[in-house]
Amino acid sequence: LNDGRAPFVMRVNGWGQLRHTATHYEDPDDDLNQFQLKRARLIFSGSVFTPDFEYFLQLDGRSSSGDDMRLLDYYMVYDVGHDLLGRPRGRLGFKAGKYKMPFSLARQISGREFEFTDRSVASMYFDVNRSLAWGLFGQEDVFGKPVHWEFALFNGLVTGGAETGSSGALDDNFATSMRVYGYPIGDWGASQLADLEEHESLAARVGGGFASSKINDSGFTEFDSSRVVDSGQTLASLLPLAVDQYTVSLWAVDASFKLQGWSLTYEYYFRNISQFQGAAIPDLFDHGFWLQAGKFVCPERLELVARWSRVQGTSGTLGVRSESTEEVAGGFVWYVRGQHAKWTLDITHVNGSPINSQSLDITPGNAGWLFRNQIQFAF
Amino acid sequence: LNDGRAPFVMRVNGWGQLRHTATHYEDPDDDLNQFQLKRARLIFSGSVFTPDFEYFLQLDGRSSSGDDMRLLDYYMVYDVGHDLLGRPRGRLGFKAGKYKMPFSLARQISGREFEFTDRSVASMYFDVNRSLAWGLFGQEDVFGKPVHWEFALFNGLVTGGAETGSSGALDDNFATSMRVYGYPIGDWGASQLADLEEHESLAARVGGGFASSKINDSGFTEFDSSRVVDSGQTLASLLPLAVDQYTVSLWAVDASFKLQGWSLTYEYYFRNISQFQGAAIPDLFDHGFWLQAGKFVCPERLELVARWSRVQGTSGTLGVRSESTEEVAGGFVWYVRGQHAKWTLDITHVNGSPINSQSLDITPGNAGWLFRNQIQFAF
Amino acid sequence: LNDGRAPFVMRVNGWGQLRHTATHYEDPDDDLNQFQLKRARLIFSGSVFTPDFEYFLQLDGRSSSGDDMRLLDYYMVYDVGHDLLGRPRGRLGFKAGKYKMPFSLARQISGREFEFTDRSVASMYFDVNRSLAWGLFGQEDVFGKPVHWEFALFNGLVTGGAETGSSGALDDNFATSMRVYGYPIGDWGASQLADLEEHESLAARVGGGFASSKINDSGFTEFDSSRVVDSGQTLASLLPLAVDQYTVSLWAVDASFKLQGWSLTYEYYFRNISQFQGAAIPDLFDHGFWLQAGKFVCPERLELVARWSRVQGTSGTLGVRSESTEEVAGGFVWYVRGQHAKWTLDITHVNGSPINSQSLDITPGNAGWLFRNQIQFAF
């Protein structure tokens with residue numbers, strides 16, 4: 001939707017994801033057999049006065065949070081480099097509002113671009129997700145290849161929809177995060193994960209991210225959000241009551257490849273929780289990854305996909321010993337119209353989930369099988 | 001709103017319904033004297049890539065659920081018959097998402113098209129309403145007249161906005177429903193109920209529907225939704241605790257007529273609840289109807305309307321004896337601009353309501369008078 | 001956004017306000033150090049069939065109420081005078097829906113037009129805010145100058161998002177309010193408060209308003225909304241339990257001036273609470289004001305602003321003695337693009353707040369300093 005009076009532009013878009021989930025979990029967990037509206041997006045975006053000033057507003061009405069319409073994103077982007085410093089577009093920008101914090105590849109990519117339609121268990125365990133933030137981003141050429149970077153200062157890890165103001169539950173500490181990524185080999189193409197382009201020569205993408213926040217129990221939304229492996233309990237529930245603060249640091253590195261219909265994605269996460277105040281708790285160190293492969297058996301149309309994700313670490317025993325949990329999945333994607341309309345079916349096995357994710361239909365402790373049959377459509 | 005790049009089309013519309021409700025109920029029920037925003041709709045619809053792929057998204061901000069904006073509908077329609085099978089448009093379609101389940105005439109019709117601006121008590125008692133569903137629909141010619149049909153497989157009866165996922169409260173059983181209708185006599189015209197067209201010769205519409213679901217107490221949203229006549233209590237509250245499952249089947253038949261400013265609508269409902277598990281409960285059989293008549297005393301402008309609706313059955317006594325409840329209403333509609341702007345005033349009497357409906361301002365047990373004075377406007 | 005088929009017009013707009021709040025309150029109140037999305041607006045407006053029929057729909061997603069999208073405004077305006085009586089446009093109109101009740105200058109002005117980006121403590125204390133209403137408005141020439149007036153009949157004071165219907169919490173009594181204002185001297189210009197126009201000769205605006213409602217404890221949303229000075233407790237919590245009804249009357253008068261980059265705004269409020277039923281409580285009389293001055297030190301770009309607001313009265317002691325509370329603030333506004341993009345920084349001191357306002361980040365009893373650093377942008 002463009003009203004023709006450039007530089008004023010407004011687009012209205014949306015996309016939906018309908019899922020049939022059937023689970024076969026071990027007792028005592030209840031099984032699901034449901035139709036769900038996992039994503040019901042409505043997006044308003046555009047620019048105003050100048051292409052250097054853009055806005056993005058996204059609403060969501062997923063059925064896993066009832067029928068209320070939620071505000072997912074609301075932010076503005078200002079291309080400082082182009083408008084004030086005379087640099088080319090995209091070299092230095094300012095971003096403010098509610099949006100996805102720069103950190104992992106898994107979060108950077110839109111759900112429309114997934115091969116499995118949802119993130120891996122490991123990606124959710126080491127997630128930073130959305131928050132209210134002020135940030136900078138840009139692009140520099142390194143050895144002739146563009147390298148993208150983004151930095152954000154924000155309310156805290158996984159605080160996206162948390163109520164602010166005095167009745168809210170956020171602590172006084174800001175968090176920081178950043179992400180850097182580039183394309184060292186070949187021309188990556190438009191599709192984020194799948195090799196819809198059937199690359200004739202290798203294309204690669206590499207990236208990395210960092211996030212850190214001091215978390216105080218004055219903000220229970222934050223204090224209660226970190227979970228441990230492999231029980232999936234909240235860290236706060238394991239800690240002695242005397243502990244009122246700790247620091248979480250997260251790292252991520254990723255590499256992805258595309259060649260002749262094959263695609264391979266690997267992202268490794270590290271999390272260190274330290275500086276416990278109030279009791280003598282050792283540093284808790286978790287790590288994990290997701291490794292995903294896809295192959296078009298019918299070019300641009302039918303893709304077979306497989307995924308392995310794993311989380312391992314000492315958090316669940318407060319440092320006593322290392323525990324781990326795994327997720328293995330296989331399935332296929334039928335691309336009716338590229339990323340605009342597709343049908344995905346996956347079979348996933350988890351052996352004791354460390355996350356609480358409505359979007360994955362996986363809650364703490366779940367062990368067993370999930371069958372997720374879903375369609376995505378965009379407008 | 002059309003951006004001209006067919007086949008990409010987007011329309012943004014809305015309609016509102018403002019009501020002044022005053023009640024005079026018998027004790028101990030509290031009376032109301034309020035302004036209400038009964039419907040505050042915002043609609044995004046259109047097609048993408050091809051006219052055979054359409055989407056529909058409707059938000060609502062009714063004041064009877066506070067000031068949150070709710071997602072009412074979010075679905076896609078794909079004309080399989082035209083796009084893949086070379087048949088004319090509308091002959092065979094696939095529909096998926098959140099939408100009104102096919103069953104009764106009363107629910108099929110938009111609130112904008114009512115003569116009384118709201119459904120009858122009987123229509124709400126035997127309602128199936130919205131749900132998350134996958135469905136098929138189409139049209140066939142029978143004796144030279146088009147007959148429309150629609151089928152849906154969905155989460156359960158009256159589960160529209162129910163939270164899905166493991167924290168939700170839906171059981172594992174899907175429900176099914178269907179509706180068939182046609183126009184055996186004359187040219188029905190655009191208006192659904194009122195004879196705004198001042199038909200010179202008779203026009204008729206007939207239809208029927210069926211819905212059925214096994215309801216298990218693992219989904220308390222569903223288990224608690226069925227009510228009984230004439231107390232309006234939930235069936236679940238009457239049943240022995242040992243009962244953990246039953247099956248509800250619903251039938252509806254309807255006939256409508258238009259002639260010379262007169263309009264007559266009659267829909268009859270049947271509900272059978274059976275196969276109780278956990279205790280020996282006999283089948284519970286309820287039935288009821290709404291009969292509505294309208295006559296334009298000033299063509300296309302002022303219409304007098306009357307309605308009688310009734311619910312009767314054995315559900316309220318768990319099969320011991322039949323009880324009944326009635327609603328009688330009269331009023332007028334002033335059409336300022338057809339269905340786009342109108343003013344409706346009705347006086348309704350109920351003698352012990354069997355429903356809990358915020359949209360009607362009627363709760364269980366209400367007996368007495370309602371005065372509802374309202375305007376509807378569309379954009 | 002205009003689809004060109006006048007008189008059908010639809011515009012989609014929005015504006016956001018991002019704030020960093022840091023407070024330094026006296027004990028025992030918790031301090032804040034947060035990023036907040038204070039306003040996240042999305043607006044649909046236009047006319048349909050005729051320019052005499054307009055609609056306005058505003059959504060808001062402020063982070064202080066979580067991440068739900070709320071319906072802020074939904075109303076229609078019908079220019080009865082022009083369409084039916086042949087008078088010029090704007091002389092007599094009918095308005096219905098959810099909107100800001102006519103009463104004070106502070107509420108009439110959009111948050112986009114503030115100099116401090118938020119209202120004063122006094123303005124919130126004597127606020128009427130939004131409600132569901134039916135109203136009339138118009139304009140008459142008095143001594144050659146247009147005088148604007150508006151009248152509304154509505155659900156009650158500060159009842160905007162209150163749930164209606166029998167499960168809601170509104171009493172049976174409607175409230176009424178009105179506002180009259182005009183521009184006796186000069187040409188006021190487009191900016192509501194700041195002298196962005198750098199007036200060469202004096203421009204003045206004067207106005208006044210009145211609101212009144214009988215408040216019954218059958219509607220606890222209303223019964224609990226009036227607060228007292230200077231503790232900020234609710235009046236209901238101070239009253240003997242036997243009191244089940246009282247009457248609130250509010251008056252406001254305002255005057256504003258602009259000259260050579262200077263702007264001055266003064267609004268005085270009076271509130272009388274009387275006719276207590278159930279116990280012998282004397283009339284409670286409170287009054288207060290906000291006085292605000294601005295001066296552009298760099299025309300159309302950088303404005304220095306100062307504000308003093310005060311609330312005083314006998315309500316907090318149920319008539320025994322008068323208490324008072326004050327707010328003093330200073331700051332600056334950097335107008336990047338007039339009211340479309342600006343940056344505001346203010347330092348505010350309160351000495352015991354009598355209000356509970358998430359939008360101001362001030363809750364009852366707060367004493368100390370606030371630092372609010374924010375950007376507003378519109379599209």
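Keep in mind the model is a prediction, meaning the values are calculated, not measured. Quick note on labels: first sequence line is chain A, next is B, and so on, each numbered from 1.
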**Which portion of C:L72 sits near chain B, non-hydrogen atoms under 4.5 angstrom** = neither
**Request:** Scan side-chain atoms only and decide if C:T363 and C:N356 contain a donor-acceptor pair under the 3.5 Å cut-off.
**Result:** no
**Item:** Under 3.5 Å side-chain donor-acceptor pair for C:D52 and C:H82
**Value:** yes
**Asked** Non-hydrogen atoms of chain C under 4.5 Å away: do they reach the side chain of B:Q358, the backbone, both or neither?
**Response** side chain
**Fill in**
Counting heavy-atom pairs under 4.5 angstrom with chain B, the leader among C:A162, C:G97, C:S65 is C:G97
**Message:** Distance to the ring centre below 6.0 angstrom and angle to the axis at most 45 degrees; does that hold for B:R307 and B:F116?
**Reply:** yes
**Message:** Walk me through whether B:Q374 and B:T117 qualify under side-chain hydrogen bond (donor to acceptor under 3.5 Å, both in side chains).
**Reply:** CA-CA 8 Å; B:Q374 40 204 336; B:T117 78; 2.5 Å; yes
**Complete:** Of the listed B:G66, B:G14, B:S63, the one with the largest count of heavy-atom pairs under 4.5 Å with chain C is B:S63
**Stepwise ring-ring contact (aromatic ring centres under 6.0 Å, His included) test for B:W343 and B:F332** = CA-CA 8 Å; B:W343 168 39; B:F332 68 80; 5.2 Å; yes
**Salt-bridge present (C:R19, C:D361; N to O < 4.0 Å)** = yes
**Prompt:** So which of B:T21, B:D30, B:D31 has the largest heavy-atom pair count under 4.5 angstrom toward chain C?
**Reply:** B:D31
**Flag side-chain contact, heavy atom, 4.5 Å: C:R62 against C:L37** = no
**Asked** Tell me, side chain or backbone of B:D68 under 4.5 Å from chain C's heavy atoms, or both, or neither?
**Response** both
**Part of C:L59 lying under 4.5 Å from any heavy atom of chain B** = side chain
**Message:** Less than 4.5 Å to any heavy atom of chain C: does that hold for the side chain of B:R337, its backbone, both, or neither?
**Reply:** side chain
**Complete:** If you tally heavy-atom pairs under 4.5 Å between each of B:F35, B:F377, B:F379 and chain C, the highest tally belongs to B:F35
**Prompt:** Using non-hydrogen atoms only, which part of B:A22 is less than 4.5 Å away from chain C: side chain, backbone, both, or neither?
**Reply:** neither
**Prompt:** Side chain, backbone, both or neither: which part of C:Y78 has a heavy atom under 4.5 Å from chain B?
**Reply:** neither
**Message:** Quiz question: by atom type and distance under 3.5 Å, do the side chains of B:S191 and B:Q339 form a donor-acceptor pair?
**Reply:** yes
**Message:** Please classify the contact between C:D60 and chain B as side chain, backbone, both or neither, with a heavy-atom cut-off of under 4.5 Å.
**Reply:** neither
